[in-house]
Amino acid sequence: MTDQLRDFKRDYYCGDLTENNIGEEVRLLGWVDTVRDHGGVLFINLRDREGIVQVVFDPSKISQDLYNKAKKLKPEYVIGVKGTVNRRPVGTENPKMKTGNIEVAADYLLILNTSEVLPFQIEDNIKVSEEIRLKYRYLDLRRPSMQRNIILRHEVYQAVREFLVGNGFIEVETPMLTKSTPEGARDFLVPSRLEKGKFYALPQSPQLFKQILMVAGFERYFQIVKCFRDEDLRADRQPEFTQIDLEMSFVTEEDVMSLSEALIQHVYKKVLGIDVKIPFRRMTYEEAINRYGTDKPDLRYGLELIDITDLASEVEFKVFNDVAKSGGLVKGINVKGGAKFSRKEIDDLTEYAKKFGAKGMAWIKLENGEATSPILKFFTQEQKQRLFEKMQAEDGDLLVFIADKKEITHRVLGFLRKHLAEKLNLIDKNKLEFLWVVDFPLLEWDEEENRLVALHHPFTSPKDEDIEKLDEALENPQLALSFKSKAYDMVLNGEEIGGGSIRIHTPYIQQKIFKLLNISEEEAKEKFGFLIEALSYGAPPHGGLAFGLDRILAIMTGSESIRDVIAFPKTQKGICPLTGAPDYVSEKQLKELSIKIEEE
RNA sequence: GGAGCCGUAGUUCAGCUCGGCCCAGAACGCCUGCCUGUCACGCAGGAGGUCGCGGGUUCGAAUCCCGUCGGCUCCGCCA
C-alpha cells in the first residue's frame, strides 16, 4: 500500500538545498534516484526537477518502523521525506554533486508510489535504442539531459516572446483546420463530418493567414506554431514541427533580416549567455552555389570549389574537354592534407560522389614532390603548372574534380565538401557561423511537372527590376528563369534555420505570377481567390520569415537529431511508439465520415 | 520509390566470416543473503533468452539462402 499525499508540502527542491539550509527541517518530494544499503545506514539519492540530494536513514537514530519502511525503497519510487539538513561528516563529502556537502537525515517517509523495474536506467550517457526511449518517453524525459533540452526549449519560447513583444509584435493564433493548397509539400488531410467528401488540410505553415493579418492591419504578427508536412522524415525533419513565424508590414528585405538576426542574438544571449555578432554576413545565392555548391553553406571550414572549366577545355582529357565545351562545368576542391588518403579511401570518395549523380571523380595526389593521378598524362607541363597554381596545390594535398552539367557538378562537390570536412575533422563544433543567403532565383524549372515552379513559394515578390519584366516573361518563360526574388534564408553551420521573403501585395502581380506558374485562372481563384481578393482591398507591402525552432534547438543543445528537442517525436515511419499512433479507427467513426478503406 | 547499417537476456553488446564444442556468453540492471558513511558502494549466491518474424537448405541453423517486419542514416521528396 502506498501513502496519501494529504497535506504534505515541499519546502525546497532537492537541487536548491545549500549549506545555508544546514540545521533546517525540510520536506522534500521526488523520485528515488539510487539506493545504497549498507546493512546498517541506508543512503538514497532523491531527485526532482532541480537536482539531487542525499537522504540518510540511520537505524541508530530513527524508529525501527521508519527504517524498515526505508528498506523497501527502490529506484523511481515516488516519495516524500521530512528531515534535517546536516553538513556531511568530514571526509564523506562528494565534490561531484552540487549538494555534495550536505545531506538530509530523514525522520519521516511517505511512499507515494512504487515503480516497476525500469527498461533502462534514468541517467545520461546511457546506451539505449531510440525505439525503447520513445516507447518509454516519460522515463527518457526524466533523464537530466532530456530535461535540460525541454526546459531550454521553454526558455527559448520565453526569450522569443520577450523580444518580439518588446518590438511591437502581436501574437495571433491561426487555424489548424484549413484549406489544402496545391503548391508545396503533401498535405495531411482531415475529413469533414458535416461536409461529406470534403477535407480540411493541416497547415504546412500559416503563410496565407499571416499575410491576411497584414491586410487586416496588425502590422507586426508572430506565432510559435506547429506546422505539418506529409513528406518523408529525416534527422532534421518531423511530420509536425514548430516554427517561429513572423510577418511585418511596410518593410524591406533588410528590415526583416535585421530584426530576425537581432531576435537570434537575443535568444542566444538570454538562453545560453552567448554573444552573437550582428549583422550576419550576406551572400548571394549565386556566390553560395559557386563557392560551396549549396545554398546553405557551412562556413566553419574552407574546402571551397575552384572553377577550372577554362583550363579543362584545353586539355586532352576527354571527360574534361567534352564537358567544358558542351556548356558544363569542371570544378575541383583542394583537399589540404588529403594526400595521405589511401587508394581505397579515394575510391570510396568516388563512390560517394556517384551517389549524388557524378559519373566519376578525377583526382591528383601530391606527395613527396610527386604527382600521382590517372589523368595527369593528358596535361602538358604548362597546363599542369596552371592547374596547380589555380588550385593553390602544395605537397600533401589531394585535388578532386567533378566534370558534369553545372547543377550536378555543384551538387556533387557540395556534398563531397561536407563529407571531406567530416572525414578530416575540420569542423569546429564550438563555432557559430551565421549567414544570410539572398537574391534567390524566383523560379525554377520542374522537369517532372514540365512547368515553372516557385523556388520559395508563389507569394514571394520578384525583385523590383524583374517586376517590370513580368509581361515579357509571360511571352518568353525562359526569361523568367533569370528573375531574382526578395527571398532570404538564414543559415547556421550549414543548416537552413529560417527563411522568408517580401511578399507580393498587389492582386495584379500575384495573378501574373500564378500565370507564370501555369496555374489556371480558375484554379487560382478556387485555391487562392481569398488571398487575391484580400490583396485588392488595400494590402500593405509586407514580408516576414519563419524559423525552424526544432533545428535551432538541436544546434543550441548539440543534439544529433531534432527528436532530442521534441518531447514526443515520431519515428522515421511517422509512428509514435508511445501511443501507437497512427492506428485503425472504428467502423462507426469511418461511417460518420463516409470513408471506406480499400483493401490492397 | 531507392541505398546502406542494425535487430541475440530488462538494457547495451559478444558469438555469425568458416553450421556441430552454444538447449547461447559478458557487462549493467533485477532477486536473495551479508555488510553502519556510501555515492558506479562492496562481497557471496541466483533468476532471466520465441537469437525480430516466416519459410528454405542441412543429419544438424543465432550462424547459410529467400522473404517479411521494425529502428536508424541517406538519396528522391520536403514551396
Under-3.5 Å donor-acceptor pair between A/Arg36 side chain and B/G42 base: no
Distance-only donor-acceptor test (3.5 Å): side chain A/Gln121, base B/U11: no
Nucleotide paired to B/G70 in any strand shown, Watson-Crick or G-U, under 3.5 Å: B/C6
Side chain to side chain donor-acceptor pair (under 3.5 Å) contacts in which one or both residues fall within residues 127-144 of chain A, not counting sequence neighbours: A/Glu76-A/Arg142, A/Glu130-A/Arg563, A/Arg133-A/Asp140, A/Arg133-A/Asp564, A/Arg137-A/Asp140, A/Asp140-A/Arg143
Any donor-acceptor N/O pair under 3.5 Å between B/C77 base and A/Arg237 side chain: yes
Report all interatomic pairs (protein N or O, nucleotide N or O of nucleotides 5-9 of chain B) with separations under 3.5 Å.
none

B/G42 pairs with, by Watson-Crick or G-U criteria that keep both distances under 3.5 Å: B/C34
Check ion pair A/Glu240-A/Lys226 (N to O, under 4.0 angstrom): yes
Atom pair distance, as rounded to whole Å: CZ in A/Arg137 and P in B/G71: 15 Å
Side-chain donor/acceptor contact of A/Arg88 with base of B/C39 under 3.5 Å: yes
Near-ring test A/Phe57/A/Tyr67, centroid separation under 6.0 angstrom: no
Sugar-phosphate, base or nothing in reach of A/Asp230, heavy atoms under 4.0 Å: nothing
Side chain A/Arg133 and base B/U11 donor-acceptor under 3.5 Å: no
Whole angstrom value for the distance that separates C1' of B/U11 from CD of A/Glu131: 13 Å
Whole-Å distance separating the CD atom of A/Gln572 from the C1' atom of B/C72: 6 Å
Gap in Å between the two C1' atoms, one belonging to B/G52 and one to B/C16, rounded: 16 Å
Sugar-phosphate only, base, or nothing, as touched by A/Glu103 at under 4.0 Å among non-hydrogen atoms: base
Closest to the A/Ser561 side chain, choosing from B/U73, B/A40, B/C75: B/U73
Sugar-phosphate, base or nothing in reach of A/Leu455, heavy atoms under 4.0 Å: sugar-phosphate
5' priority, RNA chain B, between A/Ala185 and A/Lys573 [closest heavy atom]: A/Lys573
P gap between B/C23 and B/G45, integer Å: 25 Å
Touch class at under 4.0 angstrom, heavy-atom based, for A/Thr181 against every strand present: nothing
Aromatic-base stack, A/Phe120 on B/U11, cutoff 5.5 Å, angle under 30: no
